[in-house]
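Beneath this line is the structure, given in C-alpha coordinates, with notes to follow.
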Amino acid sequence: MYLEVIHLCRAGDSLDDLCDQIRDSVSDDHDLAGNIRFFQHKGLVTDLAIHIYHHGVSGDEIPSDIGLRIAASLKTYGLVKHSVWKELG
(Lines give C-alpha, C1' and ligand atoms only; values in the text may rest on other atoms or scores of the structure.)
Protein backbone atom coordinates (compact mmCIF):
# COMPACT_ATOMS: atom_id res chain seq x y z
CA MET A 1 0.00 0.00 0.00
CA TYR A 2 1.08 3.55 -0.55
CA LEU A 3 -0.39 6.91 0.32
CA GLU A 4 -0.56 10.17 -1.57
CA VAL A 5 -0.83 13.30 0.55
CA ILE A 6 -1.93 16.58 -0.98
CA HIS A 7 -1.63 19.46 1.47
CA LEU A 8 -3.23 22.82 0.70
CA CYS A 9 -2.33 25.92 2.71
CA ARG A 10 -4.77 28.70 1.95
CA ALA A 11 -6.39 31.77 3.32
CA GLY A 12 -10.09 32.14 2.88
CA ASP A 13 -13.44 30.72 3.67
CA SER A 14 -14.75 27.31 4.62
CA LEU A 15 -13.26 24.21 3.04
CA ASP A 16 -16.64 22.47 2.77
CA ASP A 17 -17.43 23.76 -0.73
CA LEU A 18 -13.94 22.95 -1.96
CA CYS A 19 -14.12 19.39 -0.58
CA ASP A 20 -17.52 18.91 -2.25
CA GLN A 21 -16.06 20.05 -5.58
CA ILE A 22 -13.19 17.59 -5.26
CA ARG A 23 -15.54 14.75 -4.32
CA ASP A 24 -17.72 15.54 -7.35
CA SER A 25 -14.70 15.61 -9.66
CA VAL A 26 -13.53 12.13 -8.59
CA SER A 27 -16.97 10.53 -8.18
CA ASP A 28 -16.69 8.70 -11.54
CA ASP A 29 -13.48 6.96 -10.47
CA HIS A 30 -14.87 3.88 -8.70
CA ASP A 31 -11.37 2.67 -7.78
CA LEU A 32 -11.17 5.62 -5.36
CA ALA A 33 -14.42 4.89 -3.58
CA GLY A 34 -13.56 4.89 0.12
CA ASN A 35 -9.87 5.46 -0.62
CA ILE A 36 -9.83 9.25 -0.53
CA ARG A 37 -10.18 11.16 2.73
CA PHE A 38 -10.18 14.82 3.68
CA PHE A 39 -8.61 16.29 6.81
CA GLN A 40 -8.77 19.79 8.21
CA HIS A 41 -5.90 21.07 10.34
CA LYS A 42 -7.07 21.35 13.93
CA GLY A 43 -5.45 24.75 14.52
CA LEU A 44 -5.48 26.18 10.99
CA VAL A 45 -9.03 25.66 9.77
CA THR A 46 -8.16 26.82 6.26
CA ASP A 47 -5.53 24.07 5.74
CA LEU A 48 -6.66 20.92 3.98
CA ALA A 49 -4.96 17.54 3.65
CA ILE A 50 -6.24 15.00 1.14
CA HIS A 51 -5.12 11.41 1.59
CA ILE A 52 -5.45 8.98 -1.31
CA TYR A 53 -4.87 5.37 -0.30
CA HIS A 54 -3.59 3.00 -2.99
CA HIS A 55 -3.78 -0.73 -2.33
CA GLY A 56 -1.44 -3.17 -3.98
CA VAL A 57 2.20 -2.20 -4.19
CA SER A 58 3.97 -2.51 -7.50
CA GLY A 59 7.29 -1.12 -6.31
CA ASP A 60 6.58 1.90 -8.52
CA GLU A 61 4.86 4.19 -6.04
CA ILE A 62 4.48 7.38 -8.06
CA PRO A 63 1.88 10.14 -7.96
CA SER A 64 -1.34 8.90 -9.55
CA ASP A 65 -3.10 10.69 -12.38
CA ILE A 66 -5.97 11.64 -10.07
CA GLY A 67 -3.55 12.92 -7.43
CA LEU A 68 -1.73 15.03 -10.00
CA ARG A 69 -5.03 16.44 -11.30
CA ILE A 70 -6.27 17.32 -7.79
CA ALA A 71 -2.95 18.94 -6.85
CA ALA A 72 -2.89 20.98 -10.07
CA SER A 73 -6.47 22.18 -9.60
CA LEU A 74 -5.79 23.25 -6.00
CA LYS A 75 -2.87 25.51 -6.95
CA THR A 76 -5.36 28.29 -7.71
CA TYR A 77 -6.43 28.23 -4.03
CA GLY A 78 -3.03 28.45 -2.35
CA LEU A 79 0.24 26.66 -1.68
CA VAL A 80 0.13 22.93 -2.53
CA LYS A 81 2.52 20.18 -1.46
CA HIS A 82 2.04 16.76 -3.07
CA SER A 83 3.96 13.76 -1.75
CA VAL A 84 3.91 9.97 -1.98
CA TRP A 85 4.47 7.76 1.06
CA LYS A 86 5.40 4.08 0.99
CA GLU A 87 4.08 1.85 3.78
CA LEU A 88 6.73 0.14 5.89
CA GLY A 89 6.60 -3.41 7.08
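Side-chain contact between Ile22 and Leu74: present, with at least one pair of heavy atoms (C-beta onward) separated by less than 4.5 Å. With a 4.5 Å cut-off on side-chain heavy atoms, Asp47 and Leu8 do not count as touching. Side-chain contact between Leu18 and Arg10 is present, with heavy atoms from C-beta onward closer than 4.5 Å.
Side chains of Glu4 and Ser83: no donor on one and acceptor on the other come within 3.5 Å.
Cluster membership check: Tyr53 shares its hydrophobic cluster with Val5, using side-chain heavy-atom separations under 4.5 Å among Ile, Leu, Val, Met, Phe, Trp and Tyr.
Across Val84, Ile6, Leu3, Val26, a single residue satisfies side-chain contact (heavy atoms from CB on, under 4.5 Å) together with Ile52, and that is Ile6.
Taking NZ of Lys86 as the reference point, atom OH of Tyr2 lies at 12.5 Å (rounded to 0.5 Å). For the atom pair Arg69 CZ and Ser25 OG, the distance stands at 8.0 Å (nearest 0.5 Å). Distance check: Leu48 CG to Phe39 CZ gives 10.0 Å after rounding to the nearest 0.5 Å. Rounding to the nearest 0.5 Å places OG of Ser64 at 6.0 Å from NE2 of His82. Annotation: the span from Gln21 atom CD to Ile70 atom CD1 amounts to 12.0 Å, rounded to 0.5 Å. Taking NE2 of His55 as the reference point, atom CE of Met1 lies at 4.0 Å (rounded to 0.5 Å).
Here the side chain of Gln40 pairs no donor or acceptor atom with the backbone of Thr46 at under 3.5 angstrom.
Every residue was checked against the side-chain contact (heavy atoms from CB on, under 4.5 Å) condition with Ser73, not counting sequence neighbours, and none meets it.
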